[in-house]
Amino acid sequence: MADYDVIIPAAGSGKRMGAGMNKLFLEVNKRPLIAYTAEVFLKDPHCRKVILPVQPHDIENMKHVLGNMPNVEKIFFAEGGSERQYSVRNGLELAEKGGVILVHDGARPFISAKIISELANVAAEKGAAIAAVPVKDTIKRAKNHIVTETIERSSLWQVQTPQAFRAPLLKQAHETAERDGFLGTDEASLVERIGHIVHIVMGSYDNIKITTPEDLYFAEAIFKKLAGKK
Ligand SMILES: Nc1ccn([C@@H]2O[C@H](COP(=O)(O)OP(=O)(O)OP(=O)(O)O)[C@@H](O)[C@H]2O)c(=O)n1
Ligand SMILES: C[C@](O)(CO)[C@H](O)COP(=O)(O)O
């Protein structure tokens, strides 16, 4: 099993959630979402550093929420950026220069240790690996609410995080994107554009990203399901 650092971008403003606060402080079963996400990595003996890009106005609350977590000495804070990509870039500054780096959304609290382990191992061997699940709905492209294309579903994947990379590759990808003024919605797109193959590891339909209010209902149900398995 490959050792790794994880960057957990936690510096968003939660516009689509509409909570008027960082959605990572919203609670499921009386516990902030970010505590679930961070705990999985803090408990993993193969995880060396847990790097959290956080906005300055959230840092005291984040320290309060995470202050009593196991292995709290693994936690390092970076400054949040105006975009997710810039938050991750700031986190990269604190990561080890060699080895493997995982990037995992703070807004995905139900990640499993099994998927983390598989991603770290594939990235150590192949350089780049991402969690994804097969698309279940039919996906179409449209313009002005008029369908222009139906995309053949069998080759489509709904991409998640963690996304795992050899550290030098991720650093090169971020530096090239910054030089080119490219803004991607995930790290893999930055790695793809510099020509590196990205491997898919099966994720989980439980590994949802808490984005809009209805996701909180799903989160309650997933929490109950996973708690029932312990
Ligand atoms: N400038 C940003 C934007 C997002 N994130 C983090 O990236 C993850 C995925 O982003 P998203 O779900 O889009 O969160 P928000 O940006 O907060 O949501 P919204 O786009 O609705 O404002 C989240 O854990 C979020 O905290 C970040 O660290 N820095
Ligand atoms: C990285 C990601 O979770 C992969 O699906 C997604 O692109 C993040 O998007 P967001 O708009 O920053 O939440």
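Whatever order the structure lists them in is the order used to number ligands and atoms, beginning at 1.
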For the salt bridge (charged side-chain N to carboxylate O under 4.0 Å, His left out) test, which of Arg48, Arg166, Lys97 pairs with Asp5? Arg48
According to a hydrophobic-cluster definition based on side-chain heavy atoms being under 4.5 Å apart (Ile, Leu, Val, Met, Phe, Trp, Tyr only), do Val122 and Val100 belong together? yes
Answer yes or no: does atom CG of Asn68 have more than 12 heavy-atom neighbours from other residues, nucleotides or ligands under 6.0 Å? no
I want to know if ligand 2 touches Gln163 in the polar sense, i.e. an N/O pair below 3.5 angstrom. no
How far is atom 8 (C) of ligand 1 from the closest protein heavy atom, and which atom is that? Asp105 OD1, 3.6 Å
Of the options Val28, Leu24, Ile111, which is the one that meets Tyr36 in a side chain to side chain contact (heavy atoms under 4.5 Å, CB included)? Val28
Is Lys126 close enough and on-axis enough to Phe165, meaning under 6.0 Å and within 45°, for cation-pi? no
Quick one: which ligand 1 atoms are inside 4.0 Å of a heavy atom on Ser87? 1 (N), 2 (C), 27 (C), 28 (O), 29 (N)
Pair Asp215 + Lys209: basic N to acidic O under 4.0 Å: no
Residue Gly106 vicinity, atoms of ligand 1 by number, heavy atom under 4.0 Å: 24 (O)
Under 4.0 Å from any heavy atom of Asp186, which atoms of ligand 2 are there? 1 (C)
Starting from atom 5 (O) of ligand 2, what is the nearest protein heavy atom, named by residue and atom, and what distance separates them? Val159 O, 2.7 Å
Which atoms from ligand 2 have a heavy atom of Thr161 less than 4.0 Å away? 1 (C), 3 (O)
Do the side chains of Leu26 and Met17 get nearer than 4.5 Å, heavy atoms only? yes
So for ligand 1, is Gly14 a polar contact partner (N or O within less than 3.5 Å, distance only)? yes
Is it the case that ligand 2 has an N or O less than 3.5 angstrom from some N or O of Arg108? yes
Looking at ligand 2, does any of its N/O atoms fall within less than 3.5 Å of an N/O of Arg16? yes
I'd like to know whether Arg31 forms a salt bridge (Lys or Arg N to Asp or Glu O under 4.0 Å) with Glu39, so could you lay out the CA-CA distance, the side-chain angles of the two residues, the decisive distance to 0.1 Å, and finally the verdict. CA-CA 12 Å; Arg31 193 173 187 232; Glu39 184 178 48; 3.2 Å; yes
Who gets closest to atom 1 (N) of ligand 1 by heavy atom: Gly81, Ala107, Gly80? Gly81
Quick one: look at Gln158 and ligand 2, take heavy-atom pairs under 4.0 Å, and tell me if it's side chain, backbone, both or neither. neither
Hey, looking at atom 21 (O) of ligand 1, which of Arg84, Met17, Arg16 has the closest heavy atom? Arg16
What protein heavy atom is closest to atom 13 (O) of ligand 2, reported as residue, atom name and distance in Å? Lys209 NZ, 2.7 Å
Heteroatom proximity flag, Ala11 to ligand 1, N/O under 3.5 Å: yes
Students should be able to answer this: which protein heavy-atom is nearest to atom 24 (O) of ligand 1, and at what distance? Pro9 O, 2.8 Å
Please report whether ligand 2 has a polar contact with Asp105, defined as an N or O pair separated by less than 3.5 Å (distance criterion only). yes
For atom 4 (C) of ligand 1, the closest protein heavy atom turns out to be Gly12 CA, 3.6 Å
Parallel, tilted or perpendicular: which one describes the rings of Tyr4 and Phe41, with boundaries at 30° and 60°? perpendicular
Tell me, which protein residue and heavy-atom name are nearest atom 12 (O) of ligand 2, and how many Å apart are they? Arg84 CD, 3.4 Å
Note, Ile7 side chain near Pro53 side chain (heavy atom, < 4.5 Å): yes
What I want to know is whether Gln55 and ligand 1 share at least one N or O pair that is separated by under 3.5 angstrom. no
Flag the pair Ile101 / Val6 as yes when at least one side-chain heavy-atom distance between them is below 4.5 Å, and no otherwise. no
Looking only at protein heavy atoms, which one is nearest to atom 22 (O) of ligand 1, and what is the separation? Lys15 N, 2.7 Å
Which atoms from ligand 1 have a heavy atom of Ser82 less than 4.0 Å away? 1 (N)
Which ligand 2 atoms are under 4.0 Å away from a heavy-atom of Thr185? 1 (C), 6 (C), 7 (O), 8 (C)
If you scan protein heavy atoms around atom 12 (O) of ligand 1, the nearest is Lys23 NZ, 2.8 Å
What I'd like to find out is whether the side chain of His174 reaches to under 4.5 Å of the side chain of Glu187, using heavy atoms alone. yes
Report the C-alpha separation of Lys136 and Tyr205 in whole Å, then their side-chain angles, then the decisive distance to 0.1 Å, and conclude whether the side chain to side chain contact (heavy atoms under 4.5 Å, CB included) test is met. CA-CA 10 Å; Lys136 294 192 272 188; Tyr205 290 110; 3.5 Å; yes
Between Gln172, Arg179, Lys171, which is the residue that forms a side-chain hydrogen bond (donor to acceptor under 3.5 Å, both in side chains) with Glu175? Lys171
